> 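Have a look at this one.
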Amino acid sequence: MSVVCDDELVKLWKSEQASLRQQVVEEDTEVWQRCPAFSSLERVGGVDLSFIKGDDVSACAQLVVLSYPALEVLYEDSQMVTLTAPYVAGFLAFRETPFLLDALRRLERNQPQLLPQVVLVDGNGLFHYRGKSGEFGLACHLGVLSGIPCVGVAKNLLQVHGVTKNQEHQSQIAALLLKGGDCFPLTTASGRVLGKALRSSDTSTKPVYVSVGHKISLDTAVRLTHSCCRYRVPEPIRQADIRSREYLRIHFPPPGTTATEEGSVVDPQKEPVGEQ
DNA sequence: GCGACAG
DNA sequence: ATCTTGTCGC
């Protein structure tokens, strides 16, 4: 369906990604990151994009800033955007980053005092294909371009470097992730730890996959992620997801949902009285 | 041909 | 990402 050759696009992206990869800082650079309880950490950001169902170019780009450690929403920005880049596995960043950066810039312009000290990103950071030789994920991309510390938190395991979602992985989950905060390293065939599987709460069996985005170490990233979890998905990302979907629900309701629109007479078969 | 494929 | 209702459990 694409007019422009995707192969050419991906070539450009690979080179851009390799260039940015060199700018990733994989260590703790902030004072709060060194404190046992993250004292002096006051604001944690979360970002996400939600889409309208039949439309893969219209989306709501969401930025939220939560207080820490209370995890209450201090700031919220929903912005409808039109995506231009296709989704190509491994290159999610090129599709989403521009709009997340825009949101951070709007905040910096309007209420700089609310800028987050770290952003939790829906997706991977260094846990990525050929991470050592030039590829990285959305959390790194956004981190490098914004200069803000970022953490990648993926809900699904990206199978990379021999890290696979097989019996071995399932066994590790069952044997090692016994309570909230437990984790185990995601190690490549060559022995490099690219991320960690984390049991984010006592009540969730399925782990989340944490990796370094920018300006934070892996252990700090894991500890921070765990400390931001009320439920399985860290609260900043969860709130960004909830609020961007809510925005779409209100501003772009599915056809046949509004009382004022023609044909709003509900079908008693599909809309039985008493629903909602 | 078959499986994988963050969001 | 999105498609989707109920259902089992505390």
Side-chain angles (χ1 to χ4, degrees), chain A residues 6 10 13 17 46-63 78 80-101 103 119-131 135-143 150-167 169 186 188 194-198 200-213 221 225 231-234 236-238 240-249 252-257 269-272 274-276:
Chain A
D6 278 5
V10 169
W13 286 353
Q17 207 170 61
V47 291
D48 192 31
L49 262 70
S50 288
F51 294 78
I52 298 175
K53 57 176 182 180
D55 184 347
D56 58 352
V57 301
S58 299
C60 177
Q62 188 76 34
L63 167 64
S78 311
M80 285 307 298
V81 299
T82 303
L83 284 74
T84 54
Y87 172 66
V88 180
F91 301 93
L92 174 66
F94 291 90
R95 182 164 159 80
E96 301 195 348
T97 299
F99 309 101
L100 303 178
L101 261 181
V119 177
L120 301 191
V121 180
D122 201 350
N124 293 300
L126 289 181
F127 185 63
H128 201 272
Y129 307 108
R130 302 200 300 280
E135 297 197 5
F136 64 17
L138 175 60
C140 299
H141 204 119
L142 183 63
C150 284
V151 175
V153 183
K155 297 185 289 294
N156 292 292
L157 180 67
L158 188 62
Q159 328 249 303
V160 50
H161 283 292
V163 181
T164 53
K165 195 171 163 185
N166 53 16
Q167 282 308 315
H169 185 71
L186 301 168
T188 66
L194 291 188
K196 288 194 175 182
L198 167 71
S200 50
S201 78
D202 288 335
T203 55
S204 67
T205 302
K206 186 178 178 180
V208 295
Y209 301 96
V210 180
S211 59
V212 169
T225 299
Y231 306 101
R232 176 178 175 250
V233 175
I237 292 175
R238 182 170 167 269
D241 180 77
I242 289 172
R243 287 159 193 259
S244 55
R245 286 197 211 192
E246 175 74 353
Y247 184 93
L248 292 180
R249 189 183 67 77
F252 299 88
T257 310
Q269 296 287 61
K270 291 182 178 176
E271 300 285 334
E275 53 84 37
Q276 243 295 342

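This is a predicted model, so every value here is computed, not measured. Residue numbers start from 1 in every chain, and the chains themselves are labelled A, B, ... in the order their sequence lines are given, proteins ahead of strands.
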> What is the separation between atom CG on Asn124(A) and atom C1' on dA4(B), rounded to the nearest whole Å?
14 Å
> Atom CZ of Arg95(A) to atom P of dG7(B): distance rounded to whole Å?
13 Å
> So which protein N/O to nucleotides 1-10 of chain C N/O distances come out below 3.5 Å?
unit_1, atom_1, unit_2, atom_2, d
dA1(C), OP2, Lys155(A), NZ, 3.3

> From CG of Asn156(A) over to P of dA4(B), roughly how many Å is that when rounded to an integer?
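Answer to the nearest Å: 13 Å.
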> If the plane angle is over 60° it's perpendicular, under 30° parallel, otherwise tilted; pick one for Phe94(A) and Trp13(A).
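The rings of Phe94(A) and Trp13(A) lie parallel, inter-plane angle below 30°.
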> Given 3.5 Å as the limit, does a donor-acceptor pair link the side chain of Arg95(A) with the main chain of Pro86(A), or not?
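Side chain of Arg95(A) to backbone of Pro86(A), a donor-acceptor pair under 3.5 Å: no, none is there.
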> Anything below 3.5 Å on both distances counts as a pair; with that, list the stems of at least three consecutive Watson-Crick or G-U pairs involving DNA chain B.
none
> Would you mind checking if Lys155(A) and Asp122(A) are paired as a salt bridge, meaning a charged N to carboxylate O distance below 4.0 Å?
yes
> CG of Leu157(A) versus C1' of dA6(B): gap in Å, rounded?
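It is 10 Å, rounded to the nearest whole Å.
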> Whole-Å distance between dA6(B) P and Phe127(A) CZ?
11 Å
> Please report the interatomic distance CE(Met80(A)) to CZ(Phe99(A)), rounded to the nearest 0.5 Å.
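So the gap between those two atoms works out to 11.0 Å.
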> In dot-bracket form, 5' to 3', how is DNA chain C paired? Count Watson-Crick and G-U wobble pairs only if both distances fall under 3.5 Å, and write | where the partner sits on another strand.
..........
> Are Glu96(A) and Val81(A) close enough that some pair of their side-chain heavy atoms sits under 4.5 Å apart?
no
> CD of Gln17(A) versus P of dA6(B): gap in Å, rounded?
14 Å
> Which pair of non-hydrogen atoms, one from Ser50(A) and one from Leu248(A), has the smallest distance, and what is that distance?
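So the two residues come closest at O-CD1, 3.5 Å.
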> Indicate the atoms forming the closest heavy-atom contact of Ala197(A) with Leu186(A), along with that distance.
N-CG, 3.9 Å
> Quick check on side chain to side chain contact (heavy atoms under 4.5 Å, CB included): which of Leu63(A), Val119(A), Leu49(A) does Leu100(A) satisfy it with?
Leu49(A)
> Rounded to whole Å, please give me the gap between CG in Leu92(A) and P in dA6(B).
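These atoms are roughly 9 Å apart.
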> Donor-acceptor pair, distance only, cut-off 3.5 Å: does the side chain of Arg232(A) make one with the backbone of Lys206(A)?
yes
> Atom CG of Leu100(A) and atom P of dG7(B): how far apart are they, to the nearest Å?
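The distance from CG of Leu100(A) to P of dG7(B) comes to 14 Å, rounded to the nearest Å.
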> Out of Tyr209(A), Phe136(A), Phe127(A), which residue meets the side chain to side chain contact (heavy atoms under 4.5 Å, CB included) rule with Leu194(A)?
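Going through the options one by one, the only one that passes is Phe127(A).
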> Across the strands shown, which category fits Phe94(A) at heavy-atom distances under 4.0 angstrom: base, sugar-phosphate, nothing?
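Here Phe94(A) touches no strand at all.
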> Could you walk me through whether Arg243(A) and Glu246(A) satisfy the salt bridge (Lys or Arg N to Asp or Glu O under 4.0 Å) test, starting with their C-alpha distance in whole Å, then the side-chain angles of each, then the deciding distance to 0.1 Å, before giving a yes or no?
CA-CA 5 Å; Arg243(A) 287 159 193 259; Glu246(A) 175 74 353; over 6 Å; no
